[in-house]
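First the structure, in the form of structure tokens, and then the observations on it.
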Amino acid sequence: MPELPEVEVVRRGLERWVSGRTIDEVEVRHPRAIRRHTAGAADFAARLMGLQLGAARRRGKYLWLPVTGGGPAAQTAAEGLPPMLTPSVTHGLAILAHLGMSGQLLVQPQDAPDEKHLRIRLRFADDLGTELRFVDQRTFGGLSLHDTVPGDADHLPDVIAHIARDPLDDAFDDAAFHDALRRRRTTIKRALLDQTLISGVGNIYADEALWRSKLHYERPTATFTRPRTAELLGHVREVMDAALAVGGTSFDSLYVNVNGESGYFDRSLDAYGREDEPCRRCGTPIRRRPWMNRSSYFCPRCQRPPRA
């Protein structure tokens, strides 16, 4: 699954290439790609017509584009639709993108050949000659339109209001995170992957931050002091910033930015995916252990397991 750095790379691309543009045409080519928009494809397309995309936003692994406007284009698109599907002038709405395991948001020239797994196409009312495409080989991801949380400055979609802020967010509260961490009575890797506690940290970057912190993934959260929590958060941010600098982590051709380019952080990983390779710190072979239907990679010398 793409994690925070990969999603942030896509967000930056969307902000550069599509924010501020007005939607002129919507084509839904596969119903599963809008299954989270429960009103269906016709409603999704009609409600987006004539709307202007705002600045792309992200919280953890979740990505959205606020939309504003409405008017003639939306009313024209509504002709012939049942009353329940008729769009109105819209405020407080956002397009939520769920990338799933293989979803891609690509900005392509309008005359570029369609991708084999093209699911949704958005064209714009301008002469820039590019369009936004949602491509998804495995069709686990999709787009949907949602109300936003009233008064929220980031126009947060209401369906993800329970998601915690991520450690790269300026509003992330380190002290509150520590207090919540201590109350959870769980183990540290489980806590890092709990999106209601801290968002955006997935399996790869959790292993990397724990390796840098010399912490075993099964260490109880109740044992953390404020300095230890601060050190861990520092390493989480370091890992994510380093991944962002090289475009994220791409283990296959499905993880790309809006221009279809892969990231290169996999070449700099210290723990994840390095089973039996020497630890870059002490030389001990990295070990892999099954963990919650995933794998955990760690150095048995630098990251000693907690005492029973």
Side-chain angles (χ1 to χ4, degrees), residues 1-2 6-54 56 58 61-65 67 73-74 76-81 85 87 93-146 247-263:
M1 294 286 287
E6 291 76 55
V7 177
E8 174 62 14
V9 167
V10 174
R11 187 204 67 79
R12 292 178 182 181
L14 292 175
E15 186 165 60
R16 178 179 179 184
W17 298 107
V18 304
S19 292
R21 300 176 72 178
T22 299
I23 299 171
D24 186 56
E25 180 182 339
V26 181
E27 180 185 2
V28 178
R29 298 168 62 96
H30 198 295
R32 276 186 57 80
I34 51 90
R35 67 188 179 280
R36 294 177 180 85
H37 185 83
T38 55
D43 178 80
F44 179 79
R47 295 179 73 189
L48 288 181
M49 288 292 294
L51 301 186
Q52 186 179 61
L53 300 178
R58 178 194 54 74
K61 306 175 188 180
Y62 291 88
L63 177 69
W64 68 94
L65 287 157
V67 292
T76 300
E79 293 178 5
L81 285 177
L85 297 183
L93 292 175
I95 303 170
L96 180 64
H98 189 285
L99 298 181
M101 295 182 68
S102 59
Q104 302 172 346
L105 284 165
L106 304 176
V107 177
Q108 297 280 48
Q110 289 184 2
D111 57 359
D114 288 349
E115 293 78 6
K116 180 179 179 180
H117 301 290
L118 175 61
R119 307 306 187 193
I120 301 172
R121 185 200 320 270
L122 300 184
R123 285 185 169 163
F124 302 102
D126 53 46
D127 57 2
L128 297 181
T130 58
E131 62 187 28
L132 181 62
R133 299 178 182 182
F134 180 73
V135 178
D136 192 359
Q137 176 179 321
R138 298 166 186 160
T139 328
F140 293 152
L143 305 182
S144 50
L145 190 62
H146 299 278
T249 301
S250 298
F251 284 105
D252 59 41
S253 60
L254 298 179
Y255 298 117
V256 296
N257 64 18
V258 297
N259 297 314
E261 300 166 336
S262 297

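Nothing here was measured: the structure is a model prediction, and the numbers come from that model.
- For the residue pair Gln104 and Glu115, no side-chain donor N or O sits within less than 3.5 Å of a side-chain acceptor on the partner.
- A salt bridge does not link Arg32 to Asp136: none of the charged side-chain nitrogens sits closer than 4.0 Å to a carboxylate oxygen.
- Residues Leu53 and Val67 form a side-chain contact, since some pair of their non-hydrogen atoms from C-beta on lies under 4.5 Å apart.
- Here the side chain of Gln52 pairs a donor or acceptor atom with the backbone of Gly20 at under 3.5 angstrom.
- Note: Arg133 CZ to Leu122 CG = 11.5 Å, rounded to the nearest 0.5 Å.
- Between the Thr22 side chain and the Ala125 main chain, no donor and acceptor come within less than 3.5 Å of each other.
- Here the shortest heavy-atom pairing between Leu132 and Phe124 reads N-CE1, 3.8 Å.
- Summarising the geometry of Leu118 relative to Ile120, their closest heavy-atom pair is CD1-O, 3.5 Å, with the distance given to 0.1 Å.
- Pairs passing the ring-ring contact (aromatic ring centres under 6.0 Å, His included) check and including a residue from residues 29-49, sequence neighbours excluded, read His37-Phe44.
- Expressed to the nearest 0.5 Å, how far CZ of Phe134 lies from CG of Leu106 amounts to 10.0 Å.
- Taking 4.5 Å as the limit, some side-chain heavy atom of Asp114 sits within range of a side-chain heavy atom of Arg121.
- Atom-to-atom distance recorded for Leu143:CG and Ile95:CD1 is 7.0 Å, nearest 0.5 angstrom.
- Minimum heavy-atom separation, Ser19 to Leu65: OG-CD2, 4.3 Å.
- The nearest pair of heavy atoms linking Met49 to Val26 is SD-N, 4.2 Å.
- With sequence neighbours excluded, no residue forms a side chain to side chain contact (heavy atoms under 4.5 Å, CB included) with Pro113.
- Closest non-hydrogen pair, Thr139 versus Arg119, comes out as OG1-NH2, 3.3 Å.
- The side-chain hydrogen bond (donor to acceptor under 3.5 Å, both in side chains) with Thr130 is formed by just one residue from the set Gln110, Arg123, Arg21, Gln108; it is Arg21.
- The minimum heavy-atom distance linking Trp64 with Ala94 is given by the pair CD1-CB, 3.9 Å.
- A 4.5 Å side-chain heavy-atom check between Leu63 and Leu14 finds at least one atom pair inside the cut-off.
- One distance of note links CE of Met101 with CD of Gln137; it measures 10.0 Å at 0.5 Å rounding.
- Leu48 has its side chain within reach of Leu51: a pair of non-hydrogen atoms, C-beta onward, lies under 4.5 Å apart.
- Comment: Arg12 does not engage Glu15 in a salt bridge, judged by the lack of any side-chain N to carboxylate O separation of less than 4.0 angstrom.
- Side-chain atoms of Arg47 do not come within 3.5 Å of backbone N or O of Ala42 as any donor-acceptor pair.
- Between the NE2 atom of His146 and the OG1 atom of Thr38 there is a distance of 8.0 Å, given to the nearest 0.5 Å.
- Take Arg36 and apply the side chain to side chain contact (heavy atoms under 4.5 Å, CB included) test, not counting sequence neighbours, and it matches His98, Ser144.
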